[in-house]
Asker: 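Questions regarding the structure given below will be posed in turn.
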Amino acid sequence: MCGRYSLTSPPEAIQRLFRLSGPVPNLEPRYNIAPTQEVPVVGLKKDGEARGLAMLRWGLVPFWSDGPDSRYSMINARAETVRTKPAFRAAFKERRCLVPADGFYEWKAQGSGQPKQPFRIVRADGEPFAFAGLREHWEPKEGAEGEPIRSFTIVVTDANALLKPLHDRMPVILAPEDHETWLKGDPDEAETLLRPFPAEALSAFAVSTRVNSPRNDDPGCVEPVER
């Protein structure tokens, strides 16, 4: 599961990590990204070679659907069924993307009557990274109302040893050397990357319950707290 994440790294770090062909806009730091918000996503340009960055809505809207439906959450796609589930299989085959991040959040249950404790998970070296994502383009049917929507989802897999005490799932984090395969490889090659990121390469620490509300999007969301 991945329901909140952050992207506070400077544009230069994003451009370097994702090998973007053009300049990166001066993105505002985001400390508490939540579903339905528009955030930066990296994908291949029309030439199929160069990489570009675009703002997409978090929560995939299938191209064949009637549009966004609040009854269904498509912020995550399970690695086990991403090739077969109708909502994701076309995007997995043709429209894989990289989702820039530098941390994400999970919540751990506490004692009876106590609120869950949020934890922030980052790379142990503090560097930004990429979630494995799928992107989609939806347009209203002829004669229907609505604006086109470009959206994405984050692929999740089994949790590693660090994350298991918090949740049984974790987002697929791609090593830099795997970015090219995820974007350009055939589905069989891409599927081999849908595995837990090494636990020793990540770090987790408790943060304030401020992150519980998407209205809070400031440095206080990422600062460690004592438990």
Side-chain angles (χ1 to χ4, degrees), residues 1-7 9 13-14 16-20 33 35 39-44 51 53 56 58-60 62 73-108 118-136 151-205:
M1 175 70 180
C2 179
R4 298 286 176 78
Y5 69 97
S6 66
L7 180 61
S9 302
I14 300 302
R16 183 171 58 251
L17 174 62
F18 293 97
R19 293 164 38 200
L20 297 171
I33 294 170
V39 288
V41 171
V42 173
L44 294 177
R51 301 177 186 179
L53 183 147
L56 273 63
W58 185 14
L60 189 136
S73 172
M74 294 192 184
I75 63 171
N76 294 154
R78 295 176 68 92
E80 303 91 318
T81 57
V82 75
R83 294 189 72 167
T84 57
K85 192 170 182 179
F88 305 123
R89 62 190 179 196
F92 177 75
K93 183 178 179 181
E94 302 175 357
R95 291 178 291 278
R96 297 186 293 270
C97 61
L98 304 169
V99 182
D102 54 23
F104 63 99
Y105 302 96
E106 284 297 351
W107 282 256
K108 184 178 182 180
F119 281 77
R120 176 169 162 82
I121 299 92
V122 299
R123 279 189 57 128
D125 59 11
E127 292 296 311
F129 52 84
F131 295 133
L134 309 175
R135 59 185 176 88
E136 195 57 272
S151 61
F152 75 97
T153 188
I154 295 171
V155 184
V156 295
T157 187
D158 294 330
N160 61 24
L162 178 69
L163 271 292
K164 279 182 180 177
L166 307 179
H167 200 282
D168 61 353
R169 309 291 291 180
M170 69 175 293
V172 173
I173 298 174
L174 298 170
E177 59 268 24
D178 293 329
H179 291 183
E180 191 83 349
T181 299
W182 181 250
L183 289 176
K184 294 183 179 181
D186 64 40
D188 289 338
E189 293 174 317
E191 192 172 31
T192 66
L193 304 178
L194 301 181
R195 57 183 182 261
F197 201 68
E200 62 272 16
L202 299 175
S203 176
F205 54 88

Asker: Locate the shortest heavy-atom distance separating P35 from G3; write the atom from each residue and the value.
Answerer: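 Heavy-atom minimum between the residues: CD-O, 3.3 Å.
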Asker: With a 4.0 Å cut-off, would you call E80 and K85 a salt bridge?
Answerer: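 Between K85 and E80 there is no salt bridge, as every charged N stays at least 4.0 Å from the carboxylate O atoms.
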Asker: Tell me the closest heavy-atom pair linking P196 and N160, and the distance in Å.
Answerer: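 Between these two residues, the closest heavy atoms are CB-CB, 4.1 Å.
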Asker: Could you measure the distance from the CZ atom of R195 to the CG atom of L174? Nearest 0.5 Å is fine.
Answerer: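 R195 atom CZ to L174 atom CG measures 8.5 Å (nearest 0.5 Å).
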Asker: Of all heavy-atom pairs between L7 and I14, which one has the smallest distance, and what is that distance?
Answerer: CD1-CD1, 3.7 Å
Asker: Locate the shortest heavy-atom distance separating R83 from P187; write the atom from each residue and the value.
Answerer: NH2-CB, 3.4 Å
Asker: Rounded at 0.5 Å granularity, tell me how far CZ in R120 sits from CZ in F104.
Answerer: 10.0 Å
Asker: Is there a side-chain contact between V156 and M170 (heavy atoms, below 4.5 Å)?
Answerer: no
Asker: Applying the side chain to side chain contact (heavy atoms under 4.5 Å, CB included) criterion to T153, which one of V99, V82, L56, L60 satisfies it?
Answerer: L60
Asker: Could you walk me through whether R89 and T84 pass side chain to side chain contact (heavy atoms under 4.5 Å, CB included), step by step?
Answerer: CA-CA 5 Å; R89 62 190 179 196; T84 57; 5.8 Å; no
Asker: Nearest 0.5 Å please: distance from the CZ atom of R135 over to the CZ atom of R96.
Answerer: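 Taking CZ in R135 and CZ in R96, the distance rounds to 10.5 Å.
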Asker: Has E191 got a side-chain atom pairing as donor or acceptor with D188's backbone, closer than 3.5 angstrom?
Answerer: no
Asker: If you compare all heavy atoms of G103 against all heavy atoms of Y5, which two are closest, and at what distance to 0.1 Å?
Answerer: O-CB, 3.2 Å
Asker: Would you check if the side chain of W182 reaches a backbone N or O of G133 as a donor-acceptor pair within less than 3.5 Å?
Answerer: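 Yes, because the side chain of W182 sits within donor-acceptor range (under 3.5 Å) of the backbone of G133.
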Asker: Step by step, work out the side chain to side chain contact (heavy atoms under 4.5 Å, CB included) result for W107 and R4.
Answerer: CA-CA 10 Å; W107 282 256; R4 298 286 176 78; 3.7 Å; yes
Asker: Between F197 and F129, is the ring centroid distance below 6.0 Å?
Answerer: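 No, the ring centres sit 6.0 Å or more apart.
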Asker: Report yes if the side chains of F152 and V39 come closer than 4.5 Å at any heavy-atom pair, otherwise no.
Answerer: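 F152 vs V39: side chains touch.
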Asker: Under 4.5 Å between any side-chain heavy atoms of V172 and L193, yes or no?
Answerer: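 Of all side-chain heavy-atom pairs linking L193 with V172, none is under 4.5 Å.
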Asker: More than 12 heavy atoms of other residues, nucleotides or ligands under 6.0 Å from NZ of K93: yes or no?
Answerer: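 Not more than 12 within 6.0 Å, no.
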Asker: Rounded to the nearest 0.5 Å, how far apart are CZ of R51 and NZ of K184?
Answerer: 7.5 Å
Asker: Measure the CG-CE distance between L134 and M74 for me, rounded to the nearest 0.5 Å.
Answerer: 12.0 Å
Asker: Just so I know, are the side chains of C2 and I75 near enough to count as touching, which here means a heavy-atom distance under 4.5 Å?
Answerer: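 Not touching, per the 4.5 Å side-chain cut-off.
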Asker: For I121 and A204, work out which heavy atoms get closest and say how close.
Answerer: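 Nearest pair, atom of I121 first, then A204: CG1-CB, 4.0 Å.
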Asker: Rounded at 0.5 Å granularity, tell me how far CD1 in I173 sits from CZ in F131.
Answerer: 6.0 Å
Asker: Please work out which of the three classes, parallel, tilted or perpendicular, describes the rings of F18 and H179, given edges at 30° and 60°.
Answerer: parallel
